[in-house]
Amino acid sequence: MTDILADLNPAQREAVTTVHGPVLVLAGPGSGKTRVLTHRVAYLIRECGVEPYRLMAVTFTNKAAREMSSRIERLLGSELRGLTIGTFHATCARILRREAAHANLSPGYVIYDEDDQLRVVRQALKDLNLDEKRYRPVVVRSFIDRAKCELLTPQTLEPRTHPEEVARRVYERYEALLEANDALDFGDLLLRTALLFEQEAEVLEKYRRRYHFLLVDEFQDTNMAQYRLIRLLAGERRNLFVVADEDQAIYRFRGADYRNIQRFREDFPDHKLFLLERNYRSTQTILDAANAVIAASPYRTPKRLHTDKGRGPLLTVFEAYNEEEEASYVVNEIQRLVSQGLATPGECAVMYRTNAQSRALEDAFIRHGMPYKLVGATRFYARREIRDALAYLRLIHNPHDSVSLERVINVPRRGIGERSLATLAQWAGELGVSQYEALQLLKENKGKEGTEGTEGGLSPPMLFGTRAQKQLLAFLDLLEGWRELAGRLTVAELLGRVLEDTEYESWLRDGSEEGEERWANLMELRTVAADYDPLPRETALATFLEEVALVADVDNLPETAEAPTLLTLHSAKGLEFGVVFIVGLEEGILPHSRSFDDPEQMEEERRLCYVGITRAKERLYLLHAFRRSRYGGDDLNVPSRFLKDVPSRLVQGYGTRRHGDRERGRLGEGERQRQEKSPSLSPSTPASLSQVGPQFAVGQRVRHPLFGEGTVIESSLKGDDEEVKVAFPGKGIKTLLASFARLQRLDRSDDS
DNA sequence: AAGTTTCTACTTTTT
DNA sequence: GTAGAAACTT
């Protein structure tokens, strides 16, 4: 039985043990805020006798939630029961599911992501006869999202300009479409829950009675809807514990408003405030750099971050000629650190402002034969084949979901073209029913010749060509068949059945490499679905769809594979690495050019830079390129203003290279030479092994020319080579030498 | 209806 | 440098 308070510093301990009333913890990076949260939960449960189900802890990512809950379990030495811990969105989704009746919702609602949203916006624009060129769907979507964050409905919203008034009308239509589809978007999950609490006193009362203690992580990233929600839940009891770092507020674009910290202080004037300023992560050199970068930011409570870790190595600033050189520098440097025993590949991370920047880096890693982990880019759940498969499943779960229906009704091709689809949509619209119901009507009316005209004047048999009608009804039969099966099959079985019935596999696997990859993704999805097999048949599909809608990519970052991580600065938040490379520290990249005319946005860029710097424990590299190609043209870039804020006493060998005076004309030559200097190595040559360490981590999927696909179950270095044990399904376990076996890694770049 | 080509806009970040 | 939509052809 460990003493929960034993390993806390005084500030942490005070925060943990202040049980009642509102508490604000301002926690610098690496100051142990997760530790404070987890210890507080453990303390409440064990020392104060609070029942776990009385606690609600909200985080922003599933990963953070998972980590919290496993750490709490470790602290308490037992499994947790009844504790509510999850993201805002997931928690709200669950509440809405339970209170569907009160919230005026169908309990089977589906969750639309931004891609689905865009389709709905387009439909709404079409319905209102508005030109997509004039009212850009993405702009309208962001207007709607913003409104929802601020708890504004089309009715309560007050447009300031004419375009805003038009957007308001689209918003109105958009809402009608969502309702017709039994769908909610991300914003709705928060908005509808907040409105539910505001409008249904007894529902709110129920949740207030249940939850006696609330904890909120990353409070600086809450938006108005989220803040309203927790304030409502806190009620009279006001046991609200929030942890914030205003210096890490980087989600303004998503409606987050760090001024919620100020609102909290005003709304709960009697709150206790704790500052966590002791940093357990970084060297003093890194902290000094971070402080210097963030100090220039106004409106912040100055914090004095300190550590007793010592100064550590100086920072490295490197100016590369272009992004290729920048990338090779990173890879070479990682290889050097690894070969000198100063770091392992897994301890290294490369961070950038935009996903597009990962390309040059990936090229370099591949050229050097060094494995890497990539977060983001083409997100797993954004892939076409995955979205198709999920659309089928969503449609089975909720056939009124027209967005999904339209997505898959002709995928693979089954002769239902644009025309038929438009007719179906219009007809359904006239009847005021979903497209699914329209299909059912079509089936019923089949044979009856044009006598049953609706107000619209058209009866179904006249609407579609006989061929199209046949195809539409065939699709309906398919769908009805699956719906019947859904209750009896597991999600994985159902998915298999859909893929089979639609001949999706043969359509996808056209012999191309891309087809194989896409198919492999679907098999991966089936594996994920299989996790839901133990659940009761009635809820498995709904739970699967909900959770799949609410996961992010970082959530699936494999923690085992010993390879450097490539990720955006945003997804780096909350993580730490021994060695951090921040690339593209250039005006226009970081800070991004979109922030130039908005001081608030510029401050956010600064904080983004700060987040990156503070991820580093030991070594920090700040890189920029003189020249960078961006969409067609290429730019000559100036070093980032943030770089200038880093005191040169913290930097070693400042100004190693100068590219500013180089002539443009010599570019081609220089580039060619540089490429020759880094000969391409195939992934399993011993040469790369000695520099890089193990190539095959346990769990890595591989393909062998003879044995086919398998999974690495053991790997060890033997002299200059690597011995790998691989389990090949149906063929047993083989021990292979990496240099001879011609093993091909099956890179699942960003999923689990 | 489906397959071509051409054009356009997009690349900030994500629950 | 790409992906997706629109325009055009078969």
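Keep in mind it's a predicted model, so treat the numbers as computed, not measured. Residue numbers begin at 1 in each chain, while the letters A, B, ... track the order of the sequences.
Every residue meeting the ring pair (Phe, Tyr, Trp, His ring centres under 6.0 Å) condition with A:Y207, not counting sequence neighbours, appears here in chain and number order: A:F197. A:R628 pairs by the salt bridge (charged side-chain N to carboxylate O under 4.0 Å, His left out) definition with A:E326, A:E586, not counting sequence neighbours. Considering only residues two or more places apart in sequence or on other chains, A:S70 meets the side-chain contact (heavy atoms from CB on, under 4.5 Å) condition with A:R74. For A:E547, there are no salt bridge (charged side-chain N to carboxylate O under 4.0 Å, His left out) partners at least two apart in sequence or on another chain.
Among the atoms of the strands shown, base atoms are found under 4.0 Å from some heavy atom of A:H89. A:F88 comes within 4.0 angstrom of nothing in the nucleic acid, heavy atoms only. Among the protein residues, A:S420 comes within range of the sugar-phosphate backbone only, with heavy atoms under 4.0 Å from sugar or phosphate atoms but none that close to a base. At a threshold of 4.0 angstrom between heavy atoms, the contacts of A:N410 are confined to the sugar-phosphate backbone, with no base atom among them. Base engagement by A:F186 is indicated by at least one non-hydrogen atom pair under 4.0 Å involving a base atom.
Judged purely by distance below 3.5 Å, without hydrogens or angles, the side chains of A:T354 and A:Q357 pair a donor atom with an acceptor atom.
Distance from the side chain of A:R136 is smallest to B:dC10 among B:dA1, B:dT14, B:dC10. Comparing B:dA1, B:dT14, C:dT2 against the side chain of A:R467 picks out B:dA1 as the nearest.
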Could I get a table of every N or O pair under 3.5 Å where one atom is in the protein and the other is in nucleotides 4-7 of chain C?
none

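Ring pair A:H570/A:F253: centre-to-centre distance below 6.0 Å.
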Intra- and interstrand pairs of DNA chain B - dot-bracket, Watson-Crick/G-U under 3.5 Å, | marks other strand: ||||||||||.....

